[in-house]
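Here's the structure, in structure tokens; my notes come after.
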Amino acid sequence: MSNVEDARKFYARLMAANAASSDPRLEDVFASVPREAFLGPGPWTIIAGKGKITTPSADPVHLYQNVLVALDADKGINNGEPFLHAMWIGKLAPRPGEAATHIGAGTGYYTALLARLVAPGGTVTAFELDRDLADRARKNLEAYDNVAVVHGDAVTSSLPPSDIIYVNAGVVAPPAGWLKALRQGGRMIFPWRPAETVPFAVMVTRTEKGFACEPFMRSWFIPCVGASSVDPAAKIPTRDQAARSRSIWLTHDKAPDRSATAIFGDVWFSSKKPGARPGS
């Protein structure tokens with residue numbers, strides 16, 4: 001018989017090491033939140049490249065590796081790669097008392113990690129468009145009294161004022177409402193997919209001078225309904241242009257200029273940092 005507790009502790013050490021976070025709580029939360037509680041009964045389907053394999057048993061020890069676990073294989077929805085999420089959450093650096101919004105919460109595993117990291121005093125609002133997944137997330141997160149699960153469309157809904165926005169669905173550009181919901185000092189990570197050949201993860205920080213952005217790694221998530229179609233009038237970036245983006249602007253605050261690397265309606269990306277002088 002396996003020792004699931006030992007496997008979970010070692011998995012947590014791996015996640016924290018991969019994240020390279022200075023916050024020791026990251027390892028603690030990965031060790032304390034049971035992944036199997038969010039994935040339904042085993043055996044589980046593991047996504048391996050373009051193939052699928054089934055765990056040899058319903059022993060949760062099989063889940064404490066860097067593996068993708070299918071939530072709805074027909075829709076291409078999975079629980080996400082733990083290494084990637086550990087890195088993203090570590091980069092966001094959630095703090096106690098902060099308000100977080102999780103877009104594309106699935107069945108709530110990474111929502112639970114965020115909830116632990118913003119406690120005490122912090123909250124998580126978790127949006128999930130798929131009704132079945134939202135219902136599962138709501139049940140899975142009953143023990144987390146600082147989490148509210150919303151079955152709804154985060155693209156058209158008003159987001160609460162947020163210190164953290166954690167997006168787990170690919171967008172051609174973050175909707176203006178998401179940027180407006182970020183508080184001063186707030187951070188957002190989202191998968192940017194303006195073209196098939198341009199898959200980046202982008203970190204956005206709201207400063208006094210605007211929205212700074214940092215494309216920091218390749219990333220691919222399933223498309224975000226309502227925010228993944230490109231308007232014919234859009235300026236679509238090349239991979240190099242996307243990588244050079246250093247700020248995001250709302251067009252009603254500032255019209256696109258020669259520094260624009262991408263333009264999507266009321267949101268555009270610039271190669272200049274917020275507050276940079278003209279010509280710099």
Side-chain angles (χ1 to χ4, degrees), residues 2 4 7-8 10-12 14-15 18-19 29-89 102-115 124 126-144 147 149-155 166-171 189-193 196 199 201 217-228:
S2 67
V4 175
R8 189 182 297 133
F10 183 64
Y11 161 85
L14 285 176
M15 296 305 113
N18 187 69
V29 298
F30 269 101
S32 64
V33 176
R35 194 180 185 195
E36 64 271 21
F38 296 85
L39 300 179
W44 299 275
T45 299
I46 305 299
I47 309 301
K50 295 183 179 180
K52 302 172 185 175
I53 60 174
T54 302
T55 58
S57 71
D59 189 335
V61 73
H62 302 302
L63 302 175
Y64 292 105
Q65 306 174 60
N66 186 44
V67 292
L68 291 170
V69 181
L71 297 176
D72 188 326
D74 293 336
K75 295 180 180 178
I77 300 173
N78 58 63
N79 181 240
E81 181 187 17
F83 270 180
L84 179 145
H85 286 276
M87 184 187 303
W88 283 23
I89 293 172
H102 187 187
I103 297 172
T107 55
Y109 176 56
Y110 298 107
T111 309
L113 298 174
L114 288 171
V124 182
F127 283 87
E128 177 49 56
L129 186 60
D130 186 282
R131 179 178 294 278
D132 176 62
L133 294 180
D135 288 344
R136 290 171 63 183
R138 191 173 291 111
K139 183 177 180 180
N140 294 339
L141 293 162
E142 284 179 348
Y144 296 79
V147 175
V149 176
V150 178
H151 168 235
D153 185 352
V155 174
Y166 191 52
V167 185
N168 291 161
V171 299
I189 280 182
F190 69 93
W192 190 22
R193 191 65 180 255
E196 283 297 312
M217 65 178 287
R218 288 176 56 85
S219 177
W220 189 91
F221 277 73
I222 62 171
C224 180
V225 175
S228 57

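Quick caveat: nothing in here was measured; it's all calculated off a predicted structure. In what follows, every heavy atom counts, from backbone to side chain, and hydrogens, waters and symmetry copies are set aside.
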Discussion item. Strictly distance-based, threshold 3.5 Å: is any side-chain N or O of Thr107 a donor or acceptor partner for the main-chain N or O of Leu39?
Written reply: no
Practice prompt. Can you sort out the partners of Tyr109 under ring pair (Phe, Tyr, Trp, His ring centres under 6.0 Å), two or more places apart, ordered by chain and number?
Written response: Phe38
Worksheet item: Is any side-chain heavy atom of Asn79 less than 4.5 Å from a side-chain heavy atom of Tyr110?
Response: yes
Fill in: pair Leu84-Met217: side-chain heavy atoms closer than 4.5 Å
yes
Fill in: Nearest heavy-atom neighbours spanning Val149 and Ala134
CG1-O, 3.7 Å
Practice prompt. First locate atom CG of Asn78, then atom CG of Leu68, and finally report the distance between them rounded to the nearest 0.5 Å.
Written response: 4.5 Å
Item to complete: Can you measure from CZ (Arg35) to CG (Leu63) and round to the nearest 0.5 angstrom?
Response: 6.0 Å
Item to complete: Please round to the nearest 0.5 Å and tell me the distance separating atom CG of Leu14 and atom CZ of Phe83.
Response: 5.0 Å
Fill in: Residue list, side-chain hydrogen bond (donor to acceptor under 3.5 Å, both in side chains) with Ser32, at least two apart or on another chain
Arg116
Discussion item. Working to the nearest 0.5 angstrom, can you tell me the gap between Ile89 CD1 and Phe30 CZ?
Written reply: 5.0 Å
Worksheet, complete the sentence: salt bridge (charged side-chain N to carboxylate O under 4.0 Å, His left out) filter on Glu196, not counting sequence neighbours, yields Arg193
Worksheet item: Does anything in residues 61-70 pair up under side chain to side chain donor-acceptor pair (under 3.5 Å), and if so which pairs, sequence neighbours excluded?
Response: Arg8-Tyr64, Glu36-Tyr64, Ser57-His62, Asn66-Glu81
Worksheet item: Where do Ala126 and Ala105 come nearest, in terms of heavy atoms and distance?
Response: CB-CB, 3.8 Å
Practice prompt. Over all heavy atoms of both residues, which pair between Phe221 and Gly170 is shortest? Give the atoms and the distance, please.
Written response: CB-N, 3.8 Å
Item to complete: Grab the two heavy atoms, one from Ala12 and one from Ala31, that are nearest each other, plus how far apart they are.
Response: CB-N, 3.4 Å
Fill in: Closest non-hydrogen atom pair, Thr54 against Pro43
CG2-CB, 3.8 Å
Fill in: Side-chain heavy atoms of His85 within contact of Leu113, under 4.5 Å
no
Discussion item. Using the side-chain hydrogen bond (donor to acceptor under 3.5 Å, both in side chains) criterion, which residues pair with Asn168? Sequence neighbours excluded.
Written reply: His102
Worksheet item: Any side-chain heavy-atom pair from Val69 and Ile46 closer than 4.5 angstrom?
Response: yes
Worksheet item: How close do Ala86 and Ala19 get, heavy atom to heavy atom, and via which atoms?
Response: O-CB, 3.2 Å
Worksheet item: Among pairs that include at least one residue of residues 134-143, which meet side chain to side chain donor-acceptor pair (under 3.5 Å), considering only residues two or more places apart or in two chains?
Response: Asp135-Arg138
Item to complete: Using a 4.5 Å cut-off on heavy atoms from C-beta on, say whether the side chain of Cys224 contacts that of Phe190.
Response: no
Fill in: Distance (rounded to the nearest 0.5 Å) between Ile103 CD1 and Asp153 CG
9.5 Å
Practice prompt. Working to the nearest 0.5 Å, report the span between NE2 of His151 and CG of Leu129.
Written response: 6.0 Å
